[in-house]
Structures are given as C-alpha cells and as structure tokens.
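Please find one structure pasted underneath; my questions will follow.
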Amino acid sequence: MFHPHSFRIGDHVKINRDLSNDEGTFDAGHEFEIIDLYVRHEAPLYDLRDAQLHLLGGVSYDDISY
C-alpha cells in the first residue's frame, strides 16, 4: 500500500497518542476524517471529525498516521 508524505482533506487517519479537547480525551488509535488543513507558524495543522461527529482541532502532522 502507498502512503503519501502529506495528508489531505477527506483522508481517514488515526491519532498516534492520546489527545484531549473540551469534550474529553481520545485514545491513541482513534479514527478520524480530516475536515480542514491550515498552516500556523509554518507547521501544518489538521481539524479532525470522528464517526460520532466529535471534533478535534489543531492536530499536528506528527500526531496522525494512516
């Protein structure tokens, strides 16, 4: 299987470590879809949504994988 070196909107990814937001904590391995991509301080950040429509914003490239 081929994995590009960057992610795009619509890609399905998993988080590599536990991450939290105001709703709670998502365990490492939780699956999301990328819904937005932006750059802050020259670093790509991703907004994610899971199957239950929970949102997780500002996720670093290093924190996600296929």
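The first residue of the sequence shown is numbered 1, and numbering continues consecutively from there. When reading the values below, keep in mind they use all heavy atoms of this one structure, side chains included, and skip hydrogens, waters and symmetry mates.
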The side chain to side chain donor-acceptor pair (under 3.5 Å) partners of N16 (sequence neighbours excluded) come to S65
Heavy-atom donor-acceptor pair, D27 side chain to H30 backbone, under 3.5 Å: no
Quick note, side-chain hydrogen bond (donor to acceptor under 3.5 Å, both in side chains) partners involving residues 35-45, not counting sequence neighbours, are Y38-D47
When rounded to the nearest 0.5 angstrom, what is the spacing between NE2 in H54 and CZ in F32? 9.0 Å
Set of residues satisfying salt bridge (Lys or Arg N to Asp or Glu O under 4.0 Å) with respect to D63, sequence neighbours excluded: R17
Interatomic distance, L53 atom CG to I35 atom CD1 [nearest 0.5 angstrom]: 9.5 Å
side-chain contact (heavy atoms from CB on, under 4.5 Å) test vs Y46 passes for just one of I9, V13, I64, L56, namely I64
Just say parallel, tilted or perpendicular for the rings of Y66 and F7, cut-offs at 30° and 60°. tilted
Quick check against the 3.5 Å criterion: does N21 have a side-chain atom that pairs as donor or acceptor with the backbone of L55? yes
Is a side-chain donor or acceptor of D18 paired with a backbone partner of A28 at a separation under 3.5 angstrom? yes
Verify the cluster assignment for I34 and L45: are they in a single hydrophobic cluster under the rule of side-chain heavy atoms below 4.5 Å apart? no
Is D50 close to F26 at the side-chain level, that is, under 4.5 Å between some pair of heavy atoms? yes
To the nearest 0.5 Å, what is the distance between CD on E31 and NZ on K14? 5.0 Å
